[in-house]
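This one's a predicted model, so the numbers in the text were calculated from it and none came from an experiment. Numbering starts at 1 and runs along the sequence shown.
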Amino acid sequence: MAEMGEKTENKEKTICVTSAEAAKLLRKLNEELENVLLMEQQSREFSAAVGEDVEDVRPAYDYAQVQKRVEVLETRIRQVKHAISAFNLAQEVPGFDMTIDQMLVYIPQLSQRKMKLDLMQKRLPKQREKISYSEIIDYSYANYDIETVRADYEKAAEELSRAQTALDLINTTAKLEIPVWEE
């Protein structure tokens, strides 16, 4: 991880990382846990053919050691997730009157709004309905001003872009503290 600063207040060592770096660390820890659990699953039980020397086919497996490694990894994952959550709850996003956790709700809301407005702006004011079982021609009408919707779509798209850029900037520049672990 790039430029991690160490801190030793309260006898607990911490490192300062960006949110993006913390997310990479979390991914790495989760992958390591998955690998340990997969190796355990593959080696905790085994089969031997009749007449085969069981010790010759026994895979290496130390139950206590594996459980200890799983516990260490699960603890680290909790600590990193907690640090990220605490950071997201406290860190304000410049240009928005919101914290990161609020932005993580706001961005999907904007995305939904943008998708809805996109469908509405592409509609014709009057369009023919496709009803295959009838010879009667039906029309549906837009019950809104399409130009107003287009303008709102542009605003939503711009706001979404601005929000994503602001969040990306925070994730790559603002620092949070996570515990350092001794092996």
**Prompt:** Looking only at heavy atoms, which two atoms of Y139 and K126 are closest? And how far apart?
**Reply:** CD2-CE, 3.5 Å
**Asked** Between CD1 of I100 and CG of N88, what distance do you get to the nearest 0.5 Å?
**Response** 4.5 Å
**Request:** State, with a plain yes or no, whether a side-chain heavy atom of L26 is found less than 4.5 Å away from one of K81.
**Result:** yes
**Prompt:** Are V149 and L160 connected, step by step, through hydrophobic side chains (Ile, Leu, Val, Met, Phe, Trp, Tyr) whose heavy atoms are closer than 4.5 Å?
**Reply:** no
**Message:** For A22 versus V80, what's the shortest heavy-atom pair and its separation?
**Reply:** O-CG1, 3.8 Å
**Prompt:** How far does CG of N35 sit from CZ of R69, to the nearest 0.5 angstrom?
**Reply:** 11.0 Å
**Request:** Kindly determine whether Q42 and L38 satisfy side-chain contact (heavy atoms from CB on, under 4.5 Å), including the steps that lead there.
**Result:** CA-CA 6 Å; Q42 293 173 344; L38 178 62; 3.6 Å; yes
**Request:** Give a yes or no on this: more than 12 heavy atoms of other residues, nucleotides or ligands lie within 6.0 Å of atom CD of E71.
**Result:** no
**Prompt:** Quick one: are L33 and L29 in side-chain contact, heavy atoms under 4.5 Å?
**Reply:** no
**Request:** Step by step, work out the side chain to side chain donor-acceptor pair (under 3.5 Å) result for S140 and R128.
**Result:** CA-CA 6 Å; S140 65; R128 193 173 189 172; over 6 Å; no
**Message:** Can you tell whether the side chains of R150 and E147 come within less than 4.0 Å, N to carboxylate O?
**Reply:** yes
**Prompt:** When you look at CG of D97, are more than 12 heavy atoms from neighbouring residues, nucleotides or ligands closer to it than 6.0 Å?
**Reply:** no
**Message:** Contact between Q91 and T99 at the side-chain level, heavy atoms closer than 4.5 Å - yes or no?
**Reply:** no
**Message:** With a 4.0 Å cut-off on N to O distance, would you call K24 and E21 a salt bridge?
**Reply:** no
**Complete:** In this structure, CD1 of I84 is separated from CG of D101 (nearest 0.5 Å) by 13.5 Å
**Asked** Would you say E34's side chain and E31's backbone share a donor-acceptor pair under 3.5 angstrom?
**Response** no
**Message:** Show the nearest heavy-atom pair for residues V57 and S47, with the distance to one decimal.
**Reply:** CG2-O, 4.1 Å
**Asked** Taking side chain as C-beta onward, heavy atoms only, is N171 less than 4.5 Å from T18?
**Response** no
**Request:** Find out whether T14 and I178 are in side-chain contact, i.e. whether some heavy atom of one side chain is under 4.5 Å from a heavy atom of the other.
**Result:** no
**Item:** Verify same cluster id: I77, V66 (apolar side-chain graph, 4.5 Å)
**Value:** yes
**Asked** Donor-acceptor pair, T172 side chain versus D168 backbone, under 3.5 Å?
**Response** yes
**Asked** Are E159 and Y106 close enough that some pair of their side-chain heavy atoms sits under 4.5 Å apart?
**Response** yes
**Prompt:** Where is the tightest heavy-atom contact between A83 and E177, given as atom of each residue plus distance?
**Reply:** CB-O, 3.4 Å
**Request:** Would you indicate whether M39, at its atom CE, is surrounded by more than 12 heavy atoms from other residues, nucleotides or ligands within a distance under 6.0 Å?
**Result:** no
**Rounded distance [0.5 Å steps], CG in D53 versus CZ in R58** = 9.5 Å
**Asked** Within a strict 4.5 Å, meaning less than it, do heavy atoms of the Y141 and P125 side chains meet?
**Response** no
**Request:** Test Y61 against E40 for side chain to side chain donor-acceptor pair (under 3.5 Å), laying out the working first.
**Result:** CA-CA 7 Å; Y61 175 66; E40 178 185 39; 2.8 Å; yes
**Joint hydrophobic cluster, L117 plus L110, side-chain heavy atoms closer than 4.5 Å** = no
**Request:** Looking only at non-hydrogen atoms, find the nearest pair between I170 and P94 and report the distance.
**Result:** CD1-CD, 3.5 Å
**Same apolar cluster: Y144 and M115, side chain cutoff 4.5 Å** = no
**Message:** Rounded to the nearest 0.5 Å, what separates atom OH in Y153 from atom CD1 in I146?
**Reply:** 15.0 Å
**Asked** Can you tell me how far OG1 of T148 sits from CD of Q121, rounded to the nearest 0.5 angstrom?
**Response** 12.0 Å
**Request:** Measure across S43 and P59 and return the closest heavy-atom pair with its distance rounded to 0.1 Å.
**Result:** O-CG, 3.5 Å
**Prompt:** Would you say M103 and V105 are hydrophobically clustered, going by side-chain heavy atoms of ILVMFWY under 4.5 Å?
**Reply:** no
**Request:** Report yes if some heavy atom in the side chain of L167 is under 4.5 Å from a heavy atom in the side chain of Q164; otherwise report no.
**Result:** no
**Message:** Under a plain distance cut-off of 3.5 Å, with no hydrogens placed, do T165 and R162 share a side-chain donor-acceptor pair?
**Reply:** no
**Prompt:** Which is it for L176 and S19 under the side-chain contact (heavy atoms from CB on, under 4.5 Å) test, yes or no, and what are the steps along the way?
**Reply:** CA-CA 7 Å; L176 64 121; S19 181; 4.1 Å; yes
**Prompt:** Is it true that D118 and K114 have a side-chain N and a carboxylate O under 4.0 angstrom from each other?
**Reply:** no
